[in-house]
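Working notes for the structure below.
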2 protein chains.
Amino acid sequence: MAAGDDRTARTSVRTITDLARLAGVSPGTVSRALAGKSLVNTRTREKIEALAREHGFRPNQMASGLRRQKTGVIGVVIPLGHDIRQQISDSFFMTLLGFLADELTTHGYDLMLRRVVPDSDPDWLDRFIGSGMIDGVIVIGQSDQFERIEEVADGYRAMVVWGNHTEGQRHCVVGTDNRLGGRLAAERLVAAGARRLAFLGDTGPMEFAARFAGAQDVAARMGLPAVRALATHLSPDRASEEIAGHLAACAGAIDGIFAATDTLAALCLAELRAQGLSVPEDIKLVGFDDLPIARQTIPPLSTVRQDIAVGARGLVDLLLRRLAGETTESLVLPPELVMRATA
Amino acid sequence: MAAGDDRTARTSVRTITDLARLAGVSPGTVSRALAGKSLVNTRTREKIEALAREHGFRPNQMASGLRRQKTGVIGVVIPLGHDIRQQISDSFFMTLLGFLADELTTHGYDLMLRRVVPDSDPDWLDRFIGSGMIDGVIVIGQSDQFERIEEVADGYRAMVVWGNHTEGQRHCVVGTDNRLGGRLAAERLVAAGARRLAFLGDTGPMEFAARFAGAQDVAARMGLPAVRALATHLSPDRASEEIAGHLAACAGAIDGIFAATDTLAALCLAELRAQGLSVPEDIKLVGFDDLPIARQTIPPLSTVRQDIAVGARGLVDLLLRRLAGETTESLVLPPELVMRATA
DNA sequence: GCGCCATTTGCAAACGATTGCAAGATTCCT
DNA sequence: AGGAATCTTGCAATCGTTTGCAAATGGCGC
């Protein structure tokens with residue numbers, strides 16, 4: 001821009017060899033200089049760095065990765081179970097992803113994102129791992145692929161999974177204690193006066209199944225009737241009508257609902273209102289996750305909080321440890337009841 | 001699992017050369033066979049494919065990428081402007097990201113995600129492009145980096161940006177006609193009876209500035225007082241109190257609010273209620289985006305819709321075209337007014 | 001049986017950066 | 001000044017795959 005801009009013969013400097021030629025040294029020296037190794041003379045290093053800056057040179061990561069046998073990239077994969085569109089707008093996973101990106105970046109890693117449909121590609125995990133493009137993988141959600149993940153875990157160490165922990169499993173997992181979370185939710189419903197409970201959501205995925213089980217625990221312990229399972233999909237469009245159907249069918253038979261997700265809870269709240277039921281007077285409601293939406297519903301949603309930032313940090317921390325050769329235990333995070341106004 | 005499982009000497013087959021040795025051919029032939037080139041005999045190809053499958057062999061993408069000078073990876077970068085945590089939970093960007101992932105996958109590309117803070121790393125875009133890891137880049141949101149992006153666009157073709165289009169710009173952009181969107185919103189407010197309008201949100205980012213300008217257009221055309229700008233951050237925690245402050249300060253001076261985002265609108269709705277103002281009676285409100293939350297507020301939010309799926313498809317389509325050497329025009333999508341109950 | 005095509009294959013040189021080894025340049029000590 | 005010890009540097013092999021070129025194989029017609 002300025003007139004005195006010394007764009008000396010913009011000979012594109014693409015490789016380390018080009019730069020070496022300019023600096024009058026060998027490629028090896030340039031490599032060492034840029035890598036900040038102590039073996040290279042301070043003056044030559046500075047000269048090389050200056051040239052590199054001037055020409056906007058950056059070493060090719062592919063070549064570097066190939067030679068060093070590590071890429072500096074962590075794969076993040078989201079398996080989409082039978083309910084294909086399941087997570088597409090699930091803000092929980094998306095928020096987790098955001099935190100993961102930050103966390104990985106601060107540790108100098110890049111993030112390669114892949115969404116896969118295991119049903120149509122049984123090989124999804126091996127394919128990703130075997131691609132040679134990633135140093136390790138974080139699986140977001142076990143979906144219905146628990147077994148597949150277990151198998152892979154036997155032969156591949158650089159993997160950590162977000163999901164539910166079950167006794168004796170072989171893969172390293174980070175996640176909330178869903179069963180405990182389910183208990184907290186149910187206990188709150190009961191404390192608020194509910195006796196005939198229902199669980200709203202698909203009980204297929206492990207996390208949800210555990211939440212449901214937690215609620216059952218409470219019902220059994222308290223001598224209440226078994227918790228009714230009201231199955232729904234997760235995508236808002238389909239969920240709405242399914243919820244409406246369930247509510248109509250259960251009219252008067254339930255007085256407390258534990259929704260698998262805040263998103264479902266919010267939808268449910270709208271349906272309840274539409275059917276003329278008031279919350280928490282007629283029906284108590286508790287959600288799960290404590291997403292931002294939980295504060296914004298009317299009335300504000302009581303829910304069970306998962307700390308997403310802590311979860312992301314845990315995932316990255318464990319993965320890096322494993323990359324460094326440590327063997328790591330799974331990390332189970334405590335859920336926390338957040339009382340607002342719906343129960 | 002089955003007893004007859006023929007795990008013949010699990011000699012790990014990691015390279016194409018290993019596989020070649022097993023098949024009794026040269027590495028070159030294996031490469032061609034796996035790439036499905038027509039030059040290789042059908043029988044040898046089948047034999048090689050069978051062996052590859054049996055040993056779960058996958059060619060190393062790094063090496064392949066290095067040699068072919070293309071990686072099969074598209075970079076997606078989210079610049080975080082001055083308001084650092086800006087988009088962390090912004091469901092608009094996250095949803096767009098989800099669609100992008102799907103769209104890229106169906107075209108055989110992987111997605112490398114990077115969030116950057118331009119203020120602390122002025123080199124963010126060149127660094128990403130120069131890394132050699134990606135074949136092209138999609139920038140999500142211009143943030144306050146319009147100029148930087150323009151400069152890069154002059155020397156790098158494989159880039160498409162989500163954001164606002166301004167006359168004569170040099171980078172290829174996909175985005176909603178924000179100014180028109182702003183007009184639609186303001187017109188709706190006026191049609192609903194509002195006369196003293198306010199715009200809620202930061203007018204720094206280009207998209208928002210354009211939306212604000214659109215509202216100004218309407219006010220001017222209608223001979224109304226200028227639209228008041230009520231600046232806020234985007235993160236829900238800070239926004240809430242800022243909104244409360246603005247509302248208190250403007251009490252009685254405004255009767256129509258155009259929020260830069262549905263998220264802000266939802267927050268605003270809660271604050272209005274808290275301050276005893278009813279919507280749409282006392283104050284009309286229109287949002288922007290038509291996120292899922294817009295249907296769930298009470299009353300449901302009138303808003304201006306952006307079609308995220310179409311946007312994602314456009315981004316990918318244009319980028320692939322550019323990778324193929326075409327020169328492409330920017331794509332400006334029409335916003336659409338969605339009337340619900342707040343205006 | 002021979003020569004000429006058309007197929008298949010192998011060879012070896014890339015792609016760009018890293019690194020063990022050894023040679024060259026300095027420094028330092030006696 | 002001589003020699004050892006220490007710094008710097010260059011050389012060349014290597015990571016695993018792709019691909020132009022040439023060699024080998026086979027098929028065919030005459």
Side-chain angles (χ1 to χ4, degrees), chain A residues 11-49 51-52 55-73 108 110 127 129-135, chain B residues 11-49 51-52 55-73 108 110 127 129-135:
Chain A
T11 51
S12 74
V13 180
R14 304 235 54 77
T15 82
I16 222 172
T17 314
D18 297 339
L19 195 56
R21 199 168 8 243
L22 281 187
V25 296
S26 81
T29 304
V30 174
S31 172
R32 284 185 271 251
L34 262 30
K37 306 237 181 193
S38 56
L39 304 91
V40 39
N41 182 299
T42 315
R43 293 207 354 202
T44 40
R45 175 210 308 295
E46 279 165 1
K47 178 171 166 190
I48 291 173
E49 282 172 346
L51 279 172
H55 291 80
F57 169 80
R58 312 185 190 296
N60 182 311
Q61 301 248 69
M62 286 264 149
S64 166
L66 177 58
R67 172 64 225 240
R68 313 217 332 265
Q69 295 292 78
K70 50 192 314 222
T71 64
V73 180
D110 266 311
R127 184 196 304 291
I129 291 171
S131 71
M133 291 274 286
I134 57 179
D135 291 342
Chain B
T11 51
S12 74
V13 180
R14 303 234 56 77
T15 83
I16 221 171
T17 314
D18 297 339
L19 196 57
R21 198 167 9 242
L22 282 187
V25 296
S26 81
T29 304
V30 173
S31 173
R32 284 186 271 252
L34 262 30
K37 307 235 181 193
S38 56
L39 305 92
V40 38
N41 182 299
T42 315
R43 291 206 357 200
T44 41
R45 176 208 308 293
E46 279 165 1
K47 178 170 166 190
I48 292 173
E49 282 172 345
L51 278 172
H55 291 80
F57 169 80
R58 312 185 190 295
N60 181 311
Q61 301 250 69
M62 285 264 150
S64 165
L66 177 58
R67 171 65 225 237
R68 313 215 332 264
Q69 297 291 77
K70 51 191 313 218
T71 64
V73 180
D110 265 312
R127 184 196 304 293
I129 291 172
S131 70
M133 290 275 286
I134 57 179
D135 290 342

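No experiment lies behind these values; they were computed from the predicted model shown. Letters A, B, ... mirror the listed sequences (proteins, then strands); counts begin at 1.
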Verify the contact: side-chain N or O of B:Gln69 to OP1 or OP2 of C:dG16, cut-off strictly under 4.0 Å; return yes or no.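 It does, given that an N or O in the side chain of B:Gln69 lies less than 4.0 Å from OP1 or OP2 of C:dG16.
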So, is B:Thr15 near the phosphate of D:dC15, with a side-chain N or O under 4.0 Å from OP1 or OP2?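 The answer is no; no side-chain N or O of B:Thr15 sits under 4.0 Å from OP1 or OP2.
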Whichever of A:Asn41 and B:Thr17 has its nearest DNA chain D nucleotide further upstream toward 5':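 The 5'-side residue here is A:Asn41.
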Quick check for you: to the nearest 0.5 Å, what is the distance between [X] atom [atom1] and [Y] atom [atom2]?
X: B:Met133; Y: A:Met62; atom1: CE; atom2: CE; value: 5.0 Å
X: B:Ser64; Y: B:Gln69; atom1: OG; atom2: CD; value: 10.5 Å
X: B:Asn41; Y: B:Ile48; atom1: CG; atom2: CD1; value: 9.5 Å
X: B:Ile134; Y: A:Gln61; atom1: CD1; atom2: CD; value: 10.0 Å

Taking DNA chain C as the partner, which of residues 28-37 of chain A come within under 4.0 angstrom of it by heavy atom?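 The stretch gives A:Gly28, A:Ser31, A:Arg32, A:Lys37 as the residues lying under 4.0 Å from the strand, ordered by number.
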Using modelled atom types and a 3.5 Å cut-off, is there a donor and acceptor pairing between side-chain atoms of A:Asp135 and backbone atoms of A:Lys70?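 No; zero donor-acceptor contacts below 3.5 Å.
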Expressed as a whole number of angstroms, how long is the span from [X]:[atom1] to [N]:[atom2]?
X: A:Leu66; N: C:dA14; atom1: CG; atom2: P; answer: 17 Å
X: A:Met62; N: C:dT18; atom1: CE; atom2: P; answer: 14 Å
X: A:Gln61; N: D:dC15; atom1: CD; atom2: C1'; answer: 16 Å
X: B:Ile16; N: C:dG10; atom1: CD1; atom2: C1'; answer: 14 Å
X: B:Arg43; N: D:dT25; atom1: CZ; atom2: P; answer: 16 Å
X: B:Arg21; N: D:dG16; atom1: CZ; atom2: P; answer: 12 Å
X: B:Leu39; N: D:dA22; atom1: CG; atom2: P; answer: 16 Å
X: B:Lys70; N: D:dT17; atom1: NZ; atom2: P; answer: 18 Å

Grab the two heavy atoms, one from A:Pro27 and one from A:Ala20, that are nearest each other, plus how far apart they are.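 Shortest heavy-atom contact: N-CB, 3.6 Å.
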For B:Ser31, all residues meeting side chain to side chain donor-acceptor pair (under 3.5 Å), sequence neighbours excluded: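 Listed in chain order: nothing, the list is empty.
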As a test of reading the structure: which of [options] is closest to the side chain of [X], going by heavy atoms?
X: B:Arg68; options: D:dG16, C:dA17, D:dT19; value: D:dT19
X: A:Arg67; options: D:dT17, C:dT9, C:dT18; value: C:dT18
X: A:Ser26; options: D:dT18, D:dG10, D:dT9; value: D:dG10

